[in-house]
**Student:** 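Dropping the structure in here first, questions after.
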There are 4 protein chains.
Amino acid sequence: MARTTDKEAKRKQIIEAALKVFARKGLSNFKMAEIAEEAVVGKGTLYEYFRTKEELIMGSISQFMMEFEEYVMAQIVAVDGPVEKIERIVQASCEYCLKNEEQLDAMLDFYAVGIPRSGGGPALMDLAPRYRSVIQWVGDVIQEGIDKGLFRKVDPESVASIVVAVLDGFIFQAAIGVLKMDPQKLSASLRDTIVNGLLKETEQGRI
Amino acid sequence: MARTTDKEAKRKQIIEAALKVFARKGLSNFKMAEIAEEAVVGKGTLYEYFRTKEELIMGSISQFMMEFEEYVMAQIVAVDGPVEKIERIVQASCEYCLKNEEQLDAMLDFYAVGIPRSGGGPALMDLAPRYRSVIQWVGDVIQEGIDKGLFRKVDPESVASIVVAVLDGFIFQAAIGVLKMDPQKLSASLRDTIVNGLLKETEQGRI
Amino acid sequence: MARTTDKEAKRKQIIEAALKVFARKGLSNFKMAEIAEEAVVGKGTLYEYFRTKEELIMGSISQFMMEFEEYVMAQIVAVDGPVEKIERIVQASCEYCLKNEEQLDAMLDFYAVGIPRSGGGPALMDLAPRYRSVIQWVGDVIQEGIDKGLFRKVDPESVASIVVAVLDGFIFQAAIGVLKMDPQKLSASLRDTIVNGLLKETEQGRI
Amino acid sequence: MARTTDKEAKRKQIIEAALKVFARKGLSNFKMAEIAEEAVVGKGTLYEYFRTKEELIMGSISQFMMEFEEYVMAQIVAVDGPVEKIERIVQASCEYCLKNEEQLDAMLDFYAVGIPRSGGGPALMDLAPRYRSVIQWVGDVIQEGIDKGLFRKVDPESVASIVVAVLDGFIFQAAIGVLKMDPQKLSASLRDTIVNGLLKETEQGRI
DNA sequence: AATGAATGAGCATTCATTCAT
DNA sequence: AATGAATGAATGCTCATTCAT
């Protein structure tokens, strides 16, 4: 059991180092040696935990994405009401980005890794399923709003797409430095713009 | 007299080949030799037009971005009315992506290139100014809507940020394959969700 | 623990191989791959010990020059008397060239490397200090001869310049094949021509 | 006839440019393009006059050596007396180096070109015959001195070797910057050191 | 298990040379 | 005859990966 824990801990340690290096150098410029140095292990050790560079990249990104998702989900479970849920998902996403400001620089790279190439093999990592599930989840919230008579009868999936798109767009704008990742301001702004537009006339101004 | 050449034309030819290769292989995996082959020129020729691989990348992306911008701008000049302008910018953006579906795969890479790295030099290409000007432009449209009494008194810049963010987010979703780039549908969807939310109560349903 | 290596020994091994290749191909025609092959190491290994080709060249030449100097110095320490010292330095220099006959071919290249270029950076290697110290040393011997009343009152430095010049000239003549590097003959010849001319009339024929 | 003159003139023009570039960059670092630029002709033109880079190098060095020799010879023809001849050859050599101070930087390279390589082809240029003839000529002068009863009965060829060696050594010392090419001083110095040593005792102090 | 010295496939880049104009 | 755009063979150097210790 101790063995497993040790192994797992060192793997985490390497991934943490990797994410730092990704942020600093970008996914296409970092070297395995840099990660080894950052993780304070030998180059050879990396290969005890990841078979190839590619696997280390995928492993690290997966880990990051998973923690992102977990964080957001954890912030949401206790929230009631569709409007609040959407507000909270925006806030939580921004919060996570802020807490991992360093990673922000690398997130676009993470996204790019998910692009399938027409020529050559498939995407290094298939982001689509994860993406669909997020959109699905947001769509359910929208549907919930409609069902509760709060929202107009919009197409839940389309709106969900938009909400998720805004979040990604914010991340990009923050990464290039034209937007400040302010959870309160951005969630308020999104609420005022999108959620308001979703509310039925009779509901507007009430919430 | 020596062999005469239209330098500008050959430069374009190389850039076109480069963009194709970028889409196929991604910005971090392509080889100069591939571009030479695609452009049907010798490897050495590439270096007659671009001093380094990096410069070729930047030149090609710049060209792409510029053409993107030009296309969208051209589609917009003749449009009147804030709502129509926003609708049209979404449509035009989608159209250009559709016309260059091949490039779509590479666009996330293009974005990633614009991320400044905390460690090491600056971003390969500074997208911020271009971005700010687009947001500014959309913001002006929003302001126009407010001035005309069409829109509620929102913060123009925040809304502009959101609109632009949605466009980028759409591009990403299309790239990973969870969204279809349908100009009509997406612009209608955006209009129904965002623009509606911007309209004053008295205006809703009229436009 | 990792594969352990005597870094210093391997460095020597590479330098030895390099000097062989220099002699065979000349400083401007050799390829790194040739040195790797001669040293029976991988190309990459060369770069573990020398950052660039230039550094490998400089390191190897430095080493050669140093060993040359050490050899000559070692042959001289025990020698008494100015005339004998000069004779011995000539002999020792020739001996070293003979023992390293292979290198002889490359020595002119080594010299050329020390030439500072008016345009562009400084010389790859500054031979001037080392040169001045040798001339200084020979000058001291001449001075000693004058002080002891053996030599005429000549300018020690000028004569030292000449002696050193002759040695270099010999190396060149040997390299192009118009002179045989015969320590006995050359030192005798130099003694008969130069040293004799330095002796006071009263001393001539005595020594 | 005009044709020939033009051709010959342009050839000279190229060689002159080449020598300048050699001095600036060294024989192993210059590029054909640099020579074309310096000569203010197109790259292609170089190949109208020299089949290859190597041929251009050889042609230029030959030209330089020939002019060197011609200059020295011209300065010597009218000189009488072995001592004066030797003094004059030293002076003339220094003078030429001074007049072509720029080339001085490249002369070691020229020498190096004459070194035959054990492995690979022969020397790019065989300096031996030219060298032997110079040594021969100096040897004849020494012999003349002996015959006239001025010099001791030394081995003419050995002494000639030394004299020529000194000249080359001076050039090297001047190139690396430890010696000033002063015709008067150097010839006087050489005369005082070598020639004096050659004089018979009865002649010393007379000349 | 951990390491880092060794490796060589792989790639950006250079530059002598060609040849259409 | 003169040119310089085009070319690709050649080469320095990198870095993921291996493996002896």
Side-chain angles (χ1 to χ4, degrees), chain A residues 3 6-7 10 14 29-37 39-57, chain B residues 1-7 10 14 29-37 39-57, chain C residues 1-7 10 14 29-37 39-57, chain D residues 3 6-7 10 14 29-37 39-57:
Chain A
R3 265 294 127 98
D6 283 1
K7 267 261 182 194
K10 189 158 258 184
I14 290 173
N29 293 317
F30 83 93
K31 305 172 205 345
M32 290 299 268
E34 290 171 330
I35 291 180
E37 194 186 19
V40 201
V41 299
K43 265 181 300 164
T45 307
L46 300 181
Y47 288 85
E48 295 283 329
Y49 294 84
F50 302 92
R51 249 194 317 234
T52 64
K53 186 185 194 185
E54 202 167 272
E55 209 167 86
L56 187 151
I57 292 176
Chain B
M1 285 293 276
R3 207 182 304 195
T4 55
T5 312
D6 183 344
K7 292 279 240 173
K10 186 153 259 184
I14 290 173
N29 293 317
F30 82 94
K31 332 256 167 270
M32 290 301 268
E34 290 170 333
I35 291 180
E37 195 186 17
V40 200
V41 299
K43 263 178 304 160
T45 307
L46 300 182
Y47 290 86
E48 294 279 326
Y49 294 84
F50 302 92
R51 256 198 305 252
T52 62
K53 186 184 192 184
E54 197 168 278
E55 211 168 83
L56 170 57
I57 292 176
Chain C
M1 285 293 275
R3 208 181 306 198
T4 54
T5 312
D6 184 343
K7 291 281 237 175
K10 187 153 258 183
I14 291 174
N29 293 317
F30 82 93
K31 331 262 167 267
M32 289 301 267
E34 290 171 332
I35 291 181
E37 195 186 17
V40 200
V41 299
K43 263 181 303 160
T45 306
L46 300 182
Y47 290 87
E48 293 280 328
Y49 294 84
F50 302 93
R51 256 199 305 253
T52 62
K53 186 185 193 183
E54 199 168 275
E55 211 168 84
L56 170 57
I57 293 177
Chain D
R3 266 295 126 101
D6 283 2
K7 267 264 185 191
K10 188 158 259 184
I14 291 174
N29 293 316
F30 84 94
K31 305 173 204 344
M32 290 299 269
E34 289 172 331
I35 291 179
E37 194 187 19
V40 200
V41 298
K43 263 180 302 164
T45 307
L46 299 181
Y47 289 84
E48 295 284 328
Y49 294 85
F50 302 91
R51 249 194 317 233
T52 64
K53 187 186 194 185
E54 202 167 274
E55 209 168 85
L56 187 151
I57 293 176

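From a predicted model like this one, the values you see are computed outputs, not experimental measurements. Below, chains carry the letters A, B, ... as their sequence lines are ordered, and counting in each starts from 1.
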**Student:** Could you tell me whether B/Y49 contacts a base, only the sugar-phosphate backbone, or nothing, with contacts defined as non-hydrogen atoms closer than 4.0 Å?
**Tutor:** sugar-phosphate

**Student:** Pairing of DNA chain F as dot-bracket, 5' to 3': ( ) intra-strand, [ ] crossing, | other strand, . unpaired, with Watson-Crick or G-U pairs under 3.5 Å?
**Tutor:** .||||||||||||||||||||

**Student:** Once you round it to whole Å, what is the distance between C1' of E/dT3 and NZ of A/K10?
**Tutor:** 10 Å

**Student:** Would you say the base of F/dT7 and the side-chain of B/K43 have a donor-acceptor pair closer than 3.5 Å?
**Tutor:** no

**Student:** For B/V40 and C/A33, find the nucleotide of DNA chain F closest to each by heavy atoms; which residue's nucleotide sits nearer the 5' end?
**Tutor:** B/V40

**Student:** For A/I14 versus A/A39, what's the shortest heavy-atom pair and its separation?
**Tutor:** CA-CB, 4.2 Å

**Student:** Would you indicate what A/F30 reaches in the nucleic acid, counting non-hydrogen atoms under 4.0 angstrom: base, sugar-phosphate, or nothing?
**Tutor:** sugar-phosphate

**Student:** Can you measure D/I35 atom CD1 to F/dG4 atom P for me and round it to whole angstrom units?
**Tutor:** 16 Å

**Student:** Tell me the interatomic distance from D/L46, atom CG, to E/dA16, atom P, rounded to whole angstroms.
**Tutor:** 10 Å

**Student:** Send over the distance from B/Y47 OH to F/dA5 C1', rounded to a whole Å.
**Tutor:** 17 Å

**Student:** Once you round it to whole Å, what is the distance between P of E/dC11 and CD of B/E54?
**Tutor:** 18 Å

**Student:** Figure out the NZ/C1' separation between C/K31 and F/dA9, and round it to whole Å.
**Tutor:** 12 Å

**Student:** Report the distance from atom CG of A/L56 to atom P of F/dT17, rounded to the nearest whole Å.
**Tutor:** 10 Å

**Student:** By nearest heavy atom, map B/M32 and D/R51 onto DNA chain E; which one lands nearer the 5' end?
**Tutor:** B/M32

**Student:** For D/E55, does the CD atom have more than 12 heavy-atom neighbours from other residues, nucleotides or ligands under 6.0 Å away?
**Tutor:** yes

**Student:** For A/M32 and A/K53, which heavy atoms make the closest approach, and how far apart are they?
**Tutor:** SD-CG, 3.6 Å

**Student:** Atom CD of C/E48 to atom P of E/dT7: distance rounded to whole Å?
**Tutor:** 10 Å

**Student:** Tell me whether the OP1 or OP2 atom of E/dA6 has a side-chain N or O from C/T5 closer than 4.0 Å.
**Tutor:** yes

